[in-house]
J.: 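Let me give you the structure first, and then I'll get to my questions.
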Amino acid sequence: MSSSDSDDPGLTTITVKQLQTVPRPRFTQASDSDSDDEDQPLAQKILQKRKAAPILAPAKQPPSALASDSDSEDDKPLAQRSRPQPSKAVPKPLPARRASTTAAVAAIVAATSDSDSDDDVPLAQKVKAPPTKRPAQATAPKRKPAAHNDSSDSDSDVPLAKKVKSNSNTPAKKENGRVVSTPGKSTTTTSKAKITASTSKATATKTNGKVKVKAESKKSPGSDEMDEEEEGEEYKWWLEQNANDTIKWTTLAHNGVYFPPEYVPHKIPLVYDNKEIALHPEAEEIASYYAQMLETDHAKNPTFVRNFFKDFRAILNRVQPGHPITDFDKCNFTRMYDHFEKLREIKRNMSKEDKQKLKDEKDAIKSIYGFATLDGRKENLGNYNIEPPGLFRGRGDHPRTGCYKRRVRPEDITINIGPKAKVPPPPPGHRWKNVIHDNKVGWLAMWRENVNDQFKYVQFGATSSLKGQSDLKKFEKARNLKGCVDTIRRDYMAELRDKSMAIRQRATALYLIDKLALRAGNEKGEDEADTVGCCSLRYEHVTLQPPNILVFDFLGKDSVRYYNAVPVDDQVFKNIRIFKKPPKTEGEELFDRLTTTGLNNHLKSLMPGLSAKVFRTYNASHTLQEELKNTPANGTIQEKILAYNRANRRVAELCNHQRAVGKAFGTQMEKLQDRIRALKYQRQRMALQLAALDPKYKRKHPAFYTTEGGEEGEANLSPEWNLAHERDLTAKERVRIEAKFEKDNAERKARKEKPLGKADLQAKLNEAVTRKEKLLAKDKLPSVKEFPPLSERSGNLTERLASGIDKITDRIKNTLLQIEDKDENKTIALGTSKLNYNDPRITIAWSKKHGVPIEKSFTRTLRDKFKWAMDVVAK
DNA sequence: AGGCAGACTTGGAAAAATATTG
DNA sequence: CAATATTTTTCCAAGTCTGCCT
């Protein structure tokens, strides 16, 4: 540590001292005893050494840092390389669910929800089991407390529960800066901000913001691309020193949102108890959503089924009272399923023209709704389509998975738009819930979804300047962290033995977040899947394996399992033992004195803007940069790309980005193996032929003549396989000859020539395959002389065989590499880290340094998203 | 000091688009 | 050219984190 301290550029603003003076809360109960004594024996005061990472170039500086190879082993901060075992290998049941009771809450909710008068209540909710913490009642969108939004709320059906709870906060809430519905009128704050923003931006734009740029249209010939290539000027927002980022826009115009088409009934009955039951269109709709998922895992998930059926029955009860449907097991959805299968089939087989037409329609919609005008520039939107109704596909064991997600109506939607812009008209006969002009937010439309009562937004796309700016900001923050991470590490290492349990927990958690790239881990509700992050880890998620190994096993975001057995600092190990001390037991929080807010507040004091997730970004980018140093400087492009993917993979491993193994994985792998066998067989035959010409060759390359030995040799060839393979080849050869014969004859016919007769065909076959076939019928392989059939051609046969063998050897090596790559990638998803964690400047600089075209590592969208980085690195 | 609304980033799966192969 | 395999994009769920409001 000490050594590196001195190199610390002094970016840090907070010192250890300061931290130590933090007032310490008393220890909690039982844990008191241990603390100090436990620490004493700690001989190793030696904090894990971490040198100043050569990593991310300090902000400002071009990412040339890549070039300097000063890697010292211990500087790889990321534990992951020591991870003993990929998580995939350990499929395992999950820990018990948190023991907690919300009976009281549940009771209250149940009681209140009963009281509300039907009607608009989304049935989903109605039937729902009691344990809902928030009344998921969608219908109770917190109304914008705004002055005039009265007009909008048709929904007077706010459930009591909510009303009672929140009535007090209604007025004046979050009104700051938000202007509602009256163009031309705005609060003072807003308008002021607006003015400043607009002036500064305007000038900046004039000066350096606009630059000529060629539209990147090099795409293939008729490649559509619509003519969206905005000729001419492109806005380079990154050239501006942008001031205020709480103001997201000064002018904003758009065309609103696109609604999915109405449901069209198909009139296919549900088979219930072996009898057909015609469904009311509304009931049919939701039944259809389920039917379409019949073959998915969802349909086999009991929670999903239960939730779906509850909501389905609620609708049935409403629209066709007296229906007999009470038992899910008596429902047979296959008629509907078949219907949808048929539709899919039809769609698959649609003619090219029809497909094109469909696409054109989509593009037309996109051209209207897919863009917005932000400060006078046309920019891409992310999602302009309103989400269609369906069954909520909650992941993991989400308590509400399968619930009916109801159709979003214009009356649910709040539009955010510039005060001067024309408000897009709602569909005829409808109106918007509300129209606001809030330039402190970046969304264009918002609604609340009914299943979980969550906010949904229509926002700008990743390629927009708005998102680009915050992306850049994110990576800059990570670079800043680079400058002070040493100090921060030193500090938390010291705090690992702090007298205050709260501080100790904080330091321990931070250690884990830094070393293992864990997520912060906010608290979650009872009505969500039980997943955790660092701060919410529970007793059962970490086990101790002396002397210093912690075994993590928990479900993280999206219910992806995190399994990792990792050696940690002795004091960390000790601390975890303390935090797990009885009477603490399963179901209780490991860090019971720590919240994400508390942790982040502390981080803010160490570096402006620092929060837990910055460590993930920083460590990911750092890992990428370090791993890229393994790129073979003299390798081929192919090899370099492989190295890049490897580095990328390390990052994904660190971040635990996993994916489901594809259904066809096994088959695909087997295919590759077969390809290798075929190559080896070919090589062996050539080698035998060569040996006949040149006996010395065999002595030099004994591996080619045996099935012994490793991958390099002819291992995994067997006489049986060889025979089968040769039969296969021969059969294919025959087919090919026959096909060619037919074709030739057709051509002759076209030229009015006399077609060749059967005899000609037979002659050809005789020459090429008949003899082989006879041998094969007797389970014999054809002579090597017949393979390859190049003996009569010119040139030195020996040489040609030798070089042919070399070529095959190369191909084998390549395929082997491909297999390895595929296998390593089996459960690892690279996309997320590429998109969100790796500083694009690192990749771009690497690309330049190694002469690898950027298209090889960044897809078109990525290149678009990271335009700013390409431009910056270029300089 | 803790709870929650709100907004925005991150994440895996599925769909769509392309590339490869037979 | 059709059928498959692979890559890229879209979709929307599930996190993080800030700022208000008691």
Side-chain angles (χ1 to χ4, degrees), chain A residues 133-134 141-142 144-145 165-166 168-169 172-176 178 220 223-224 246 248 296-298 344 348-349 352 355 358-359 362 382-383 385 387-388 390 392-396 398 400-401 405 416 438 440-443 446 448-449 451-457 459-462 466-467 470-471 474 519-525 528-529 531-533 535-536 556-560 595-601 603-604 609 611-614 616-617 652 655-660 662 664 667-668 671-672 732 735-736 739 822 829-837 858-862 864:
Chain A
K133 188 146 96 200
R134 317 166 190 149
K142 273 270 168 77
K144 303 272 126 104
K165 220 161 70 187
S166 63
S168 57
N169 71 3
K173 200 184 157 194
K174 73 158 170 213
E175 245 338 308
N176 11 17
R178 180 164 285 187
S220 52
S223 160
D224 48 333
T246 65
K248 308 276 173 138
T296 68
D297 287 347
H298 291 296
R344 280 172 58 178
R348 227 192 341 263
N349 296 331
K352 221 167 188 180
K355 276 184 183 159
L358 232 52
K359 189 165 177 279
K362 239 173 100 185
N383 56 323
N385 288 324
E387 293 176 18
F392 173 68
R393 294 148 114 102
R395 313 215 244 254
H398 191 120
R400 293 223 251 265
T401 190
K405 188 168 77 163
N416 186 32
D438 184 353
K440 296 217 179 29
V441 295
W443 52 264
M446 180 271 279
R448 285 185 102 156
E449 154 269 355
V451 176
N452 295 291
D453 200 26
Q454 307 218 44
F455 295 75
K456 298 280 192 170
Y457 301 93
Q459 287 174 298
F460 279 98
L466 205 62
K467 299 290 187 192
S470 53
D471 216 33
K474 171 181 75 184
R519 296 188 186 85
N522 285 311
E523 287 302 322
K524 294 190 72 185
E528 301 172 271
T531 62
V532 298
C535 292
S536 50
K557 181 176 179 179
D558 289 307
S559 293
V560 171
T595 63
T596 50
T597 317
L599 176 62
N600 281 338
N601 283 340
L603 292 176
K604 292 265 154 347
S611 66
K613 84 190 200 39
V614 182
R616 232 165 121 80
T617 313
C655 294
N656 199 230
H657 290 144
Q658 298 193 254
R659 62 174 184 169
T667 345
Q668 291 166 0
K671 234 174 215 171
L672 284 174
K732 278 183 183 144
V735 168
R736 221 188 52 224
K822 193 180 172 84
L830 303 186
T832 301
S833 46
K834 225 178 201 179
L835 194 66
N836 300 305
Y837 289 104
F858 281 169
T859 66
R860 209 196 122 90
T861 342
L862 241 31
D864 249 1

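Note on naming: letters A, B, ... go to the chains in the order of the sequence lines (proteins, then strands), and numbering restarts at 1 for each one.
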J.: Say whether, by atom type as modelled, one donor and one acceptor occur between the side chain of Lys474(A) and the main chain of Asn836(A) under 3.5 angstrom.
T.: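 Yes, the answer is positive, given that a donor and an acceptor are paired below the 3.5 Å cut-off.
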
J.: Report the nucleotide, chosen from dT10(B), dT4(C), dG6(B), that has the shortest atom-to-atom distance to any side-chain atom of Asn836(A).
T.: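 In terms of side-chain proximity for Asn836(A), the closest of dT10(B), dT4(C), dG6(B) is dT10(B).
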
J.: Would one find a side-chain N or O of Ser611(A) under 4.0 angstrom from OP1 or OP2 of dT16(C)?
T.: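 For Ser611(A), the contact criterion (side-chain N or O under 4.0 Å from OP1 or OP2 of dT16(C)) is not met.
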
J.: Is a side-chain donor or acceptor of Thr667(A) paired with a backbone partner of Ala664(A) at a separation under 3.5 angstrom?
T.: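 Such a contact is found between Thr667(A) side chain and Ala664(A) backbone.
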
J.: Please check the phosphate of dT18(C) (OP1 and OP2 only) for any side-chain N or O of Lys604(A) closer than 4.0 Å.
T.: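 Lys604(A) to dT18(C) OP1/OP2: side-chain N or O found under 4.0 Å.
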
J.: Between Lys613(A) and dT10(B), is there a side-chain N or O to OP1/OP2 distance below 4.0 Å?
T.: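 Answer yes for this pair, as a side-chain N or O of Lys613(A) is under 4.0 Å from OP1 or OP2.
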
J.: Whole angstrom is fine here: how far is it from CG in Leu672(A) over to P in dT21(B)?
T.: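 Rounded to whole Å, this separation is 11 Å.
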
J.: Considering only dC8(B), dA17(B), dG11(B), which nucleotide approaches the side chain of Lys359(A) most closely?
T.: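 The listed nucleotide nearest to Lys359(A)'s side chain is dA17(B).
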
J.: Between Lys474(A) (NZ) and dC8(B) (C1'), how many Å, whole number?
T.: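 Whole-Å distance recorded here is 11 Å.
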
J.: Can you tell me the distance, in whole Å, between the CD atom of Glu523(A) and the C1' atom of dC4(B)?
T.: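 Checked: the CD to C1' distance equals 13 Å.
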
J.: List in chain and number order the residues that pass ring-ring contact (aromatic ring centres under 6.0 Å, His included) with Tyr837(A), two or more places apart in sequence or in another chain; answer none if no residue qualifies.
T.: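 Per chain and number, Tyr837(A) pairs via ring-ring contact (aromatic ring centres under 6.0 Å, His included) with His657(A).
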
J.: Would you kindly give the CZ-to-P distance between Arg344(A) and dA15(B), to the nearest whole Å?
T.: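 The answer, rounded to whole Å, is 7 Å.
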
J.: Between Lys467(A) and dT9(B), does any side-chain N or O lie under 4.0 Å from OP1 or OP2?
T.: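 For dT9(B), OP1 or OP2 has a side-chain N or O of Lys467(A) closer than 4.0 Å.
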
J.: What is the per-nucleotide protein-contact pattern of nucleotides 8-15 of chain C, from the 5' end, where B denotes a base atom under 4.0 Å from a protein heavy atom, S denotes such proximity for sugar-phosphate atoms only, and - denotes neither?
T.: SS-SSBBS

J.: Look up atom NZ in Lys613(A) and atom CG in Asn600(A), then write down how far apart they are to the nearest 0.5 Å.
T.: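 The CG atom of Asn600(A) is 10.5 Å from NZ of Lys613(A), to the nearest 0.5 Å.
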
J.: Using a heavy-atom cut-off of 4.0 Å across all strands, would you classify Gln668(A) as base, sugar-phosphate, or nothing?
T.: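 Sugar-phosphate, no base atom in range.
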
J.: Figure out the NZ/P separation between Lys355(A) and dT18(B), and round it to whole Å.
T.: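 These atoms are roughly 13 Å apart.
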
J.: Looking at residues at least two apart in the chain, or sitting in another chain, which of them share a side-chain contact (heavy atoms from CB on, under 4.5 Å) with Thr595(A)?
T.: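 Only Thr597(A) meet the side-chain contact (heavy atoms from CB on, under 4.5 Å) criterion with Thr595(A).
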
J.: dT10(B) C1' sits how many Å from Gln658(A) CD, rounded?
T.: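 Interatomic distance, CD of Gln658(A) to C1' of dT10(B): 16 Å.
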
J.: Within this structure, what is the OG1-NE2 distance for the pair Thr401(A) and His298(A), rounded to the nearest 0.5 Å?
T.: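 Taking OG1 in Thr401(A) and NE2 in His298(A), the distance rounds to 6.0 Å.
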
J.: If only side-chain N and O atoms of Lys671(A) are considered, is one of them under 4.0 Å from the OP1 or OP2 phosphate oxygen of dT21(B)?
T.: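 False: Lys671(A) side-chain N/O out of range (4.0 Å or more) of dT21(B) OP1/OP2.
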
J.: For a quick test of reading the model: is some side-chain N or O of Tyr837(A) closer than 4.0 Å to OP1 or OP2 of dG11(B)?
T.: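 Yes, Tyr837(A) has a side-chain N/O under 4.0 Å of OP1/OP2 on dG11(B).
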
J.: Within the 4.0 Å heavy-atom criterion, would you say Ala660(A) contacts the bases, only the backbone, or no part of the nucleic acid?
T.: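 Result for Ala660(A) = sugar-phosphate.
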
J.: What is the nucleic acid contact for Gly533(A), judged by heavy atoms within less than 4.0 Å: base, sugar-phosphate only, or nothing?
T.: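 Here Gly533(A) touches no strand at all.
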
J.: Mind checking whether Trp443(A) and Tyr457(A) have parallel, tilted or perpendicular rings, split at 30° and 60°?
T.: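 Because their plane-to-plane angle lies in the 30° to 60° range, the rings of Trp443(A) and Tyr457(A) count as tilted.
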
J.: Rounded to whole angstrom units, what separation is found between the NE2 atom of His657(A) and the C1' atom of dA13(B)?
T.: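 Checked: the NE2 to C1' distance equals 15 Å.
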
J.: Keeping the roles fixed (side chain from Lys524(A), backbone from Ala529(A)), state whether a donor-acceptor pair exists under 3.5 Å.
T.: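 Indeed, once roles are kept as given, a pair shorter than 3.5 Å links the two residues.
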
J.: Does Thr596(A) reach a base, just sugar-phosphate, or nothing at all? Heavy atoms under 4.0 Å.
T.: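 Nothing, no nucleic acid heavy atom in range.
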
J.: Is Arg616(A) close enough to dG11(B) that one of its side-chain N or O atoms is under 4.0 Å from OP1 or OP2 there?
T.: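 Yes, because at least one side-chain N or O of Arg616(A) sits under 4.0 Å from OP1 or OP2 of dG11(B).
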
J.: Starting at atom CG of Asp453(A), determine the distance to atom P of dC4(B), rounded to an integer number of angstrom.
T.: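 That distance rounds to 13 Å.
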
J.: Using heavy-atom distances to pick each residue's nearest nucleotide on DNA chain B, tell me which of Thr595(A) and Leu466(A) is more 5'.
T.: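 So the residue in question is Thr595(A).
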
